A.B. asks: 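If you scroll down you'll find the structure; I have some questions about it.
As the structure is a prediction and not an experimental result, all values here were calculated from the model.
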Amino acid sequence: MALRAVLFDAGETLVHPYPSFTELFARILAREGFGLDGADISAAANVITDRFSEAARDGELWTTTPQKSRTFWLSVYERFLDALGVPNGHGLNETLYTEFTDLANYRLFDDVRPALDDLAAAGLMLGIVSNFEGWLEPLLEELGVSRLFDVKVISGNEGIEKPDLRIYELALQRMGVSAGEAAFIGDNPEFDIDPPAALGMFPVLIDRRGRHPDFDGACISDMRELSAILESA
């Protein structure tokens, strides 16, 4: 069955902290008097993915209200600072939360817009399924790509979070396509590959930094490779 729709994760798939999570984090810490090496920050970044997995395992919905989001991210930054040996004095985790919820600190990856334009020109419907707060919508508007997406299923608006299969099913329903007619693109195998595959979608891992060398499914390192790999779906 030919593909009719391509759905995307958002954070670290389409959009990212600018210039990168590591660099922004390091700049904030340096401004607050803590000069840390970017490599040390990158090495501790598993704290975030571990916290996501923990929340999913425990059924902890963290995007569905502003207060839940704030509480979740403060806990993430507190753990991160602890892993880096940086004291969380004077509300440093609050400072990090403020900076990382500022729309001005986000950009599209350079490879995203050309890929989206190619897919749209090919007549494919585009959608988003993302564990993200409701401010993803104004962020996409600010970045000039909101209109390219036929459907945006954002957990902060829907009250369902990945890896719950219902959030992917909701997107498919709104797009009017079956799972077999849709591909899903994301950067996290636990949230973006396994659940869509279980539904019968064609999942593609975007791994720009070589974080998953042992992944044996469809994988790209640049979004501009997507059209070619979808031809094999």
Side-chain angles (χ1 to χ4, degrees), residues 1-16 52 56 61 63-64 108-134 136-137 139-141 143-208 211-212 215-233:
M1 186 179 294
L3 289 177
R4 296 175 55 205
V6 183
L7 295 100
F8 295 86
D9 171 51
E12 294 300 327
T13 296
L14 301 176
V15 303
H16 66 99
F52 286 157
L61 301 181
T63 62
T64 53
L108 291 175
F109 285 104
D110 291 341
D111 55 3
V112 166
R113 187 58 189 259
L116 295 179
D117 287 341
D118 285 348
L119 296 172
L124 291 162
M125 290 184 287
L126 304 180
I128 287 176
V129 179
S130 180
N131 282 2
F132 215 108
E133 296 83 355
L136 176 59
E137 180 69 64
L139 175 60
L140 295 171
E141 291 279 359
L143 296 174
V145 294
S146 181
R147 63 177 180 81
L148 296 179
F149 296 99
D150 301 277
V151 166
K152 294 183 280 290
V153 178
I154 302 168
S155 63
N157 296 334
E158 306 294 347
I160 320 169
E161 292 179 357
K162 300 185 292 185
D164 190 326
L165 297 184
R166 293 177 298 165
I167 195 169
Y168 313 91
E169 291 170 333
L170 181 59
L172 294 171
Q173 178 186 352
R174 290 180 180 173
M175 298 184 88
V177 299
S178 68
E181 296 174 307
F184 194 92
I185 321 303
D187 69 302
N188 186 311
E190 180 181 0
F191 294 95
D192 302 320
I193 302 300
D194 296 341
L199 289 174
M201 301 172 72
F202 181 73
V204 179
L205 182 71
I206 175 77
D207 188 10
R208 293 184 177 87
R211 293 173 174 171
H212 305 284
F215 182 76
D216 61 0
C219 183
I220 56 177
S221 59
D222 189 297
M223 199 68 80
R224 286 165 288 209
E225 302 167 8
L226 185 55
S227 291
I229 205 166
L230 291 181
E231 291 179 2
S232 67

A.B. asks: Compare every heavy atom of I160 with every heavy atom of I167, then report the nearest pair and how far apart it is.
C.D. replies: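 It is CD1-O, 3.1 Å.
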A.B. asks: Just how far is it from atom CG of N188 to atom NE2 of H212, taken to the nearest 0.5 Å?
C.D. replies: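 Nearest 0.5 Å value for the CG-NE2 distance: 6.0 Å.
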A.B. asks: If you round to the nearest 0.5 Å, how far is OG of S155 from CG of L170?
C.D. replies: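 Reported to 0.5 Å precision, the distance equals 11.5 Å.
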A.B. asks: Taking R113 as the fixed residue, which of D111, D110, D117 is the one that meets the side-chain hydrogen bond (donor to acceptor under 3.5 Å, both in side chains) rule?
C.D. replies: D117
A.B. asks: Pairing donors with acceptors under 3.5 angstrom, does anything connect the side chains of E161 and T64?
C.D. replies: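 Checked: E161/T64 side chains show no N/O donor-acceptor pair below 3.5 Å.
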A.B. asks: Whether the side chain of E137 engages the backbone of G134 through a donor-acceptor N/O pair (distance < 3.5 Å, no angle test) should be reported.
C.D. replies: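 No, the answer is negative, given that no donor and acceptor are paired below the 3.5 Å cut-off.
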A.B. asks: Measure the shortest side-chain to side-chain distance between L143 and V112 over non-hydrogen atoms and say whether it is less than 4.5 angstrom.
C.D. replies: no
A.B. asks: How long is the span from the CD1 atom in I193 to the SG atom in C219, to the nearest 0.5 Å?
C.D. replies: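 The SG atom of C219 is 8.0 Å from CD1 of I193, to the nearest 0.5 Å.
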A.B. asks: Drop me the distance from D187's CG to I206's CD1, to the nearest 0.5 angstrom.
C.D. replies: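 One gets 8.5 Å once the value is rounded to the nearest 0.5 Å.
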A.B. asks: Nearest 0.5 Å, please: how far is CZ in F215 from CG in D207?
C.D. replies: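 Nearest 0.5 Å value for the CG-CZ distance: 9.0 Å.
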A.B. asks: Looking only at non-hydrogen atoms, find the nearest pair between G186 and T13 and report the distance.
C.D. replies: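 The answer is CA-OG1, 3.5 Å.
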A.B. asks: Decide yes or no on side-chain contact (heavy atoms from CB on, under 4.5 Å) for V153 and L7, but give the supporting numbers first.
C.D. replies: CA-CA 10 Å; V153 178; L7 295 100; over 6 Å; no
A.B. asks: Under the criterion side-chain contact (heavy atoms from CB on, under 4.5 Å), which of L230, I185, L3 is the partner of L119?
C.D. replies: L230
A.B. asks: Please step through side-chain contact (heavy atoms from CB on, under 4.5 Å) for the pair F109 and R208, ending with a clear verdict.
C.D. replies: CA-CA 10 Å; F109 285 104; R208 293 184 177 87; 3.4 Å; yes
A.B. asks: Tell me the closest heavy-atom pair linking V151 and M175, and the distance in Å.
C.D. replies: CG2-CG, 3.4 Å
A.B. asks: Give me the atom names and distance for the closest heavy-atom approach of F52 to F191.
C.D. replies: O-CZ, 3.7 Å
A.B. asks: To the nearest 0.5 Å, what is the distance between CG (L14) and CG (L139)?
C.D. replies: 10.0 Å
A.B. asks: Within the 4.5 Å heavy-atom criterion, are Q173 and E169 side-chain neighbours or not?
C.D. replies: no
A.B. asks: List the steps, then state whether side-chain contact (heavy atoms from CB on, under 4.5 Å) holds for F132 with D9.
C.D. replies: CA-CA 9 Å; F132 215 108; D9 171 51; over 6 Å; no
A.B. asks: Atom CZ of residue position R211 - does it have more than 12 heavy atoms of other residues, nucleotides or ligands inside 6.0 Å?
C.D. replies: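 Not more than 12 within 6.0 Å, no.
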A.B. asks: Do P195 and F184 come within less than 4.5 Å of each other through their side chains, counting heavy atoms only?
C.D. replies: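 They are not in contact (no side-chain heavy atoms under 4.5 Å apart), so the answer is no.
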A.B. asks: Do you know which two heavy atoms are closest between P163 and A56, and how far apart they sit?
C.D. replies: CD-CB, 3.7 Å
A.B. asks: Please evaluate residues K152 and L136 with respect to the criterion side-chain contact (heavy atoms from CB on, under 4.5 Å), reporting the C-alpha separation (whole Å), side-chain torsions for both, the decisive distance (0.1 Å), and the verdict.
C.D. replies: CA-CA 10 Å; K152 294 183 280 290; L136 176 59; over 6 Å; no
A.B. asks: Considering all heavy atoms of both residues, which atom of A218 and which atom of I229 are nearest to each other, and what is their separation?
C.D. replies: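 Scanning both residues completely, I find the closest heavy atoms to be CB-CD1, 3.8 Å.
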